[in-house]
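Here the structure comes first, spelled out in structure tokens, and everything after it is commentary.
Atoms within a ligand are numbered from 1 in the order they appear, just like the ligands themselves. These figures come from a predicted structure and were not determined experimentally. In what follows, every heavy atom counts, from backbone to side chain, and hydrogens, waters and symmetry copies are set aside.
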Amino acid sequence: MSGTVRLDRLLANLGYGSRNEMQQLARAGVVNLDGAPIKDASLRIALTPDLPARLNIDGESLDPLPGLALMLHKPLGVTCSHKEVGRLVYDLLPSRWRSRDPALSTVGRLDKETSGLLLLTDDGALLHRIISPKHHVAKHYVATLARPLQGNEAELFASGTLMLEGETKPLSPAVMETLSPTSARLVVTEGRYHQVRRMFAAAGNHVEALHRDRVGALTLSAELGPGEYRQLSPADIAAIFS
Ligand code: URA
């Protein structure tokens, strides 16, 4: 993030209101940079990483700048969608963030009944880098199964020949580790629809609970309870690809 931007445009794009409203807000004297009011929102300001700490609106620090990336501990029962009925992952974030432009989106999806590490970003290039099959980013899942493992699953998933129902291209090899007679860790590099559930279904089992705890080398932070989130640092983003 670099360069300069008109203050009214920056605030409007972060969801604070229209550019006109931002001019009025500035004239009211509640937009402060380094403690001094900016009365004219046409002013261009430098987009530096410390801007949220230096710019304050009505006594509150500015929202995160564009280029935002988050990890969210997705709880069960919420949907990764902007518009479906019921509880949405976006309801777990500050409401103003729904009006950001560029918009914040989930990086791929987790099913409504899957919990764990969900990434969100407004950076389209980053999003595509994570989901692109070219980058082989490993997604780690812990699956709890309805029936005991039979012993042949790891070989089947590693084969690179497993074909999911209704598909024409076999799955790339995936690594499965047995955790208990009825639970396993599965690491996949693709992101097909309901992939983990369908893989265990193809092996004659049924996934009762599914949790993602890692993407690349980035692990869901233990201090994040279900529904909680935090911003990713550049080191976190690098970990996704390492
Ligand atoms: N595979 C699934 O079946 N569900 C998810 O949410 C993620 C991977």
Side-chain angles (χ1 to χ4, degrees), residues 69-93 104-121 127-147 149-150 153-154 156-180 182-221 224-229 240:
L70 305 171
M71 72 156 68
L72 170 80
H73 184 162
K74 181 192 172 295
L76 296 174
V78 302
T79 306
C80 293
S81 161
H82 280 286
K83 49 177 188 284
E84 276 173 49
V85 288
R87 286 210 304 151
L88 308 179
V89 289
Y90 301 101
D91 299 336
L92 300 166
L93 304 174
L104 199 55
S105 302
T106 64
V107 179
R109 289 177 172 212
L110 290 178
D111 300 337
K112 187 174 177 185
E113 294 312 329
T114 300
S115 59
L117 174 54
L118 181 68
L119 301 174
L120 297 104
T121 185
L127 186 150
H128 287 291
R129 219 151 47 98
I130 300 171
I131 62 175
S132 154
K134 221 172 52 206
H135 289 99
H136 302 286
V137 172
K139 274 89 57 176
H140 295 239
Y141 295 89
V142 174
T144 307
L145 304 164
R147 289 178 281 284
L149 290 157
Q150 291 171 342
E153 293 86 350
L156 176 67
F157 297 157
S159 68
T161 60
L162 178 61
M163 196 79 89
L164 293 179
E165 217 174 283
E167 299 201 356
T168 52
K169 189 172 170 260
L171 288 175
S172 297
V175 176
M176 196 204 88
E177 178 198 345
T178 300
L179 300 176
S180 80
T182 54
S183 66
R185 172 174 291 277
L186 183 57
V187 184
V188 303
T189 56
E190 297 170 290
R192 302 205 201 177
Y193 182 67
H194 288 174
Q195 181 168 339
V196 174
R197 293 174 200 276
R198 290 164 74 209
M199 287 172 75
F200 279 105
N205 213 321
H206 176 76
V207 172
E208 290 201 323
L210 190 59
H211 180 81
R212 182 162 73 188
D213 61 2
R214 193 170 146 188
V215 174
L218 180 68
T219 304
L220 179 62
S221 300
L224 291 181
E228 294 181 336
Y229 63 90
I240 295 170

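- Listed by number with element, the atoms of ligand 1 under 4.0 angstrom from any heavy atom of D111 are 2 (C), 3 (O), 4 (N), 5 (C), 6 (O).
- Taking only nitrogen or oxygen atoms, main chain and side chain alike, R197 reaches within less than 3.5 Å of ligand 1.
- Ring geometry for H211 against H73 counts as perpendicular: the plane angle is over 60°, on a 0 to 90° scale with 30° as the lower cut.
- Of all atoms in ligand 1, listed by their number and element, those nearer than 4.0 Å to a heavy atom of T114 are 4 (N), 5 (C), 6 (O).
- Here the side chain of Y90 pairs a donor or acceptor atom with the backbone of T106 at under 3.5 angstrom.
- V196 N, 3.0 Å is the protein heavy atom nearest to atom 1 (N) of ligand 1.
- Screening T178, V175, V142 for a side chain to side chain contact (heavy atoms under 4.5 Å, CB included) with R185, the sole residue that qualifies is V142.
- Proximity to Y141 (heavy-atom distance under 4.0 Å) selects the following atoms of ligand 1: 7 (C), 8 (C).
- Close N/O approach between H194 and ligand 1 is found [any backbone or side-chain N/O within under 3.5 Å].
- The backbone N or O of L171 sits nowhere less than 3.5 Å from a side-chain atom of E190 that would complete a donor-acceptor pair.
- Without hydrogens or angle criteria, K74 side chain to T79 main chain gives no donor-acceptor distance under 3.5 Å.
- Under the 3.5 Å distance criterion, the side-chain polar atoms of R212 are matched with a main-chain donor or acceptor of L117.
- Below 4.0 Å from some heavy atom of L210 lie the following atoms of ligand 1, by number and element: 1 (N), 2 (C), 3 (O), 4 (N), 5 (C).
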